[in-house]
Amino acid sequence: MPHVLRWLIGLATSLVGNHIYLVTLAWVAVQTTTPAKVGLILVAGAVPQAALLLVGGVFVDRIGPKLTIIASDVLRTLIMVVFAIVVAGGEVMPLLLGALAVLFGVVDGFFLPAVNSAPRYLVRRDSITRVVAAKTIVARGAEFAGAPLGSWLLVVASAAVAFWVNAWLFAVSVFFLAMTRMAIPEEDAPSPDVPDAEPSPKQPVLSVWADLKAGIQLIRGYRTLTTLLIVVFVAELGFSGPMIAGVPLLANETGWGVRTVGWVLGGFGLGAAAGAGFLLWRKTVRHTGFVALFGLTAMGLSVVGLGLLPALGLPVYASLVAGGLLGLSSGLGAGFYGTLVTSAVLQLAPIGQIGRVMSALSFSSLAAVPVTYALTGLLTDFSNAQVPFLIGGLLILLVAALAFANPELRQLTIDRTAPAVARH
């Protein structure tokens, strides 16, 4: 479908720009201030992003994902132009970098729930899983293209050029997304007899705070949604820290070298893209909940495997291969788990509450990241680099076992599940 293809192109250019921005911001900060302040600058962008996700979801429900995405992408373009001008001017103050990072984080707090809600507005419910799978593939591709491209621009040109290229990428994203039709398909729109979360014309328009409370009440009142969000948070707590922060620490402690980091994370990206690619190819997945939880279990076993790998005493080259295979298996699990959970939440969310529900999903994932990063570092300092993998992997396996014991999650079948209805 042309509108889905335009959305994917716009999404790809925007996500590539995101990774260029992160690499360039970190490099400029490293060149201008102390390591401690570099961390503060990066946190300055992450905190408002997470804090405003739920508010961003309210705006998605009020004005739709298309206007929210375009408005946030236009602002991201302008912020990149300001970054380029500031950096080109010479000496950069850390405070100014932090202020610009905060602005970008604020805008991202609106962009993320909008872009995560978009698949529901692009295709019918029975095609959402395939669109989410395509989005996963695009996101992984952007991750592998964006960071190296940002590094290359810094080497052959300058940080100012990198920010200018980024501004152009965001502008291209705006162009393609502006040409994309986003509307709830007529066949999926609620009938007059079905309760809808949209306010009727006769009802007063609620405040943003009231809309936010209504979204939270919906999630609390719909047990399957609530349980899924808890699973996502706990799984992220056990996975992101060991995989992102822990793999370099483990490779350094064991003497495996930096190549192992590339093999593990590269294997993860390849596996995640392969899992999503399978879901893109296969039109339907009958046992959605079972397959998603099986993927989560594979993630937990892979993380535990990485923690046990040093104890085997393998040669460096064998450890490198084994680490890559464990990264691949964790990526395959994440490709199935992440795609199917996102698709399930999208389809369970009632019309009029889609943005708020998807912002809650994003928050469940992002809120765990700084916590698990910090815990990974602390556990490594007090013991060794294997411990975060063992604890994180067992935590993932525990939440997977509890989810398997929950019949609502284990037997979840997306195409047969009705959207949630707020309890009054």
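Looking at residues two or more places apart in sequence or on another chain, you find a side-chain hydrogen bond (donor to acceptor under 3.5 Å, both in side chains) between Ser362 and Asn116. Remark: Thr32 engages no residue in a side-chain hydrogen bond (donor to acceptor under 3.5 Å, both in side chains) (not counting sequence neighbours). In terms of the side chain to side chain contact (heavy atoms under 4.5 Å, CB included) criterion, residue partners of Leu320 (sequence neighbours excluded) are, by chain and number, Arg259, Thr260, Trp263. Under the side chain to side chain contact (heavy atoms under 4.5 Å, CB included) criterion, Ile79 pairs with Phe83, Leu103, Phe104, Val107, not counting sequence neighbours. Remark: Leu95 engages no residue in a side chain to side chain contact (heavy atoms under 4.5 Å, CB included) (not counting sequence neighbours). Residues satisfying the side-chain hydrogen bond (donor to acceptor under 3.5 Å, both in side chains) test with Glu408, not counting sequence neighbours, are Arg223, Thr224. Applying the ring pair (Phe, Tyr, Trp, His ring centres under 6.0 Å) rule to Phe363 yields no partners; only residues at least two apart in sequence or on another chain are considered. Taking Phe290 as the reference, Phe404 meet the ring pair (Phe, Tyr, Trp, His ring centres under 6.0 Å) condition, with sequence neighbours excluded. Residues that satisfy the side chain to side chain contact (heavy atoms under 4.5 Å, CB included) test with Met179, not counting sequence neighbours, are Arg6, Phe175.
More than 12 non-hydrogen atoms from other residues, nucleotides or ligands lie less than 6.0 angstrom from CZ of Phe233.
In this structure, the ring of Phe239 has its center less than 6.0 angstrom from the ring center of Phe268.
In this structure, Leu309 CG and Leu250 CG are separated by 7.5 Å, a value rounded to the nearest 0.5 Å. If you take CG on Leu8 and CZ on Phe176, they are separated by 11.5 Å, rounding to the nearest 0.5 Å. Between the OG atom of Ser158 and the CZ atom of Phe163 there is a distance of 10.0 Å, given to the nearest 0.5 Å. Here the straight-line distance linking atom CE of Met80 with atom CD1 of Ile85 works out to 12.0 Å at 0.5 Å rounding. To the nearest 0.5 Å, atom CZ of residue Phe170 and atom CG of residue Asn18 are 5.0 Å apart. Between the CG atom in Leu154 and the CG atom in Leu149 there is a gap of 9.5 Å [rounded to 0.5 Å].
Applying the side-chain hydrogen bond (donor to acceptor under 3.5 Å, both in side chains) rule to pairs touching residues 166-183 yields Asp73-Ser173, sequence neighbours excluded. Listed by first then second residue, pairs satisfying side-chain hydrogen bond (donor to acceptor under 3.5 Å, both in side chains) with a partner in residues 99-109 read Gln49-Asp108, Arg76-Asp108, not counting sequence neighbours.
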Compile the donor-acceptor pairs under 3.5 Å between side chains in residues 50-58 and protein atoms, sequence neighbours left out, one pair per line.
none

